[in-house]
Amino acid sequence: RQTGTVETDAEKHDVEYLTPISIGTPPQNLIVDFDTGSSDLWVFSTEMAAKDIKGQAVYDPNNSSTSEKLQGSTWQITYGDGSSSSGDVYLDTVTIGNLTVPNQAVEAATKVSDEFTDDANNDGLLGLGFSSINTVQPTPQNTFFDNIKNNLDAPLFTADLKHGAPGSYNFGYIDPAAYVGNISWTPVDSSQGFWSFTSPGYAVGTEAMRNHSISGIADTGTTLLLLPKSVVKAYYEEIQGAQYDSNQGGYVFPCSPTPPDFVFGVSDGIVTVPGDMVSYAPVDSANQDCFGGIQSDTGIGFSIFGDVALKTSFVVFDAGGLQLGWGAKN
Ligand SMILES: O=C(CCCl)NNC1=[NH+]CCN1
């Protein structure tokens, strides 16, 4: 049985967290977005039109002695933010840190939407959701984690994302040095393929907790914390000058003073998103107004606990116990 660890780097404003992987023989090194909100491992590839590649590293299956085309298989994915990609499929060796899966389905892109073309640092996505929502047709494929979890000391991985600093993904073990106090555990409903849970309530700043349950997914692939409209409204009502700015497509408020913390319940515990993390990024060079890290989940059907929420904590994705653990960072 094994364990593994790999460093993940925060991009500007923590918009995404990028992690190195290697594919094929000899190893081809790419840097991808580990995404607990999806379940496809897809990469920029030599099968794409040159105009759709702007600086990314690409996977070349013809340059790997261990690649094997999965004849007749294709994939197509559209993410919550409207970005999308599609292509065909190879089996090849994939290594993350010291962990290797010999016959991992590697989805080679033939087409990607502009969001991906314009994101020069990101060479693809590695899904860490449940394999039930993998998009490969006619036969859905397993995620890297599903392929390796039975070889791990424990069928779990942890995400320790940081604000503007490198963090880490660990596989197969919970690092006791990474958190303090007790981990708060909450059951996961994987029926929709996501790490979905229900928070029992929330509080704004130092106010009392409100018994308003919030059901959502723990999603490393989404930047912001997307919550029910009523919760978002209650939060921004506490900030002088906060308003919904249709040009920016969300709530904007004066960057100072620091806004109130946002607290949400996890089972018997609480997670605090510090006010200075809610000021996601300045909307203008004058740095007067800030775009909120908390926005509405309207239209998605559930809330999304994205990086703004996850980077506050040490988060355990436990497939064995089908539960999420939230611990206070060390
Ligand atoms: O697509 C979602 C939300 C699922 Cl409801 N998260 N993952 C992701 N990857 C790239 C953009 N967003």
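Every number for a ligand or one of its atoms is a count from 1 in the order of the listing.
Where the criterion is an N or O separation shorter than 3.5 Å, residue side chain and backbone included, Phe194 fails it with respect to ligand 1. In terms of polar-atom proximity, Ser83 is not counted as a contact of ligand 1, lacking any N or O under 3.5 Å from an N or O of the ligand.
By the 30° and 60° cut-offs, the orientation of the rings of Tyr251 relative to Tyr236 is parallel. In this pair, Phe302 and Phe194 present their aromatic rings tilted. The plane angle is within the 30 to 60° band.
Side-chain contact check for Asp189 and Ser191: at least one donor-acceptor pair (N or O, by modelled atom type) lies under 3.5 Å. No hydrogens or angles considered: nothing links the side chains of Asn63 and Gln28 as a donor-acceptor pair under 3.5 Å. Checked by atom type, the side-chain pair Asp297/Ser303 shows a donor-acceptor distance below 3.5 Å. Checking Asn170 against Thr5 by side-chain atom types alone, a donor-acceptor pair falls below 3.5 Å.
Within the structure, ligand 1 lacks Thr36 among the residues with a heavy atom less than 4.0 angstrom away.
Listed by number with element, the atoms of ligand 1 under 4.0 angstrom from any heavy atom of Phe302 are 5 (Cl). For ligand 1, the atoms closer than 4.0 angstrom to any heavy atom of Asp81 are 11 (C).
Salt bridge status for Asp118 with Lys54: present, with a side-chain N to carboxylate O gap under 4.0 Å.
Atom 3 (C) of ligand 1 has as its closest protein heavy atom Asp219 OD2, 3.4 Å. Residue, atom and distance of the protein heavy atom nearest to atom 9 (N) of ligand 1 are Asp35 OD2, 2.9 Å. Protein heavy atom nearest atom 12 (N) of ligand 1, with residue, atom name and distance: Gly221 O, 3.3 Å. Protein heavy atom in closest approach to atom 1 (O) of ligand 1: Gly80 N, 2.8 Å.
Using a 4.0 Å cut-off between heavy atoms, Leu125 contacts ligand 1 through its side chain alone, with no backbone atom that close.
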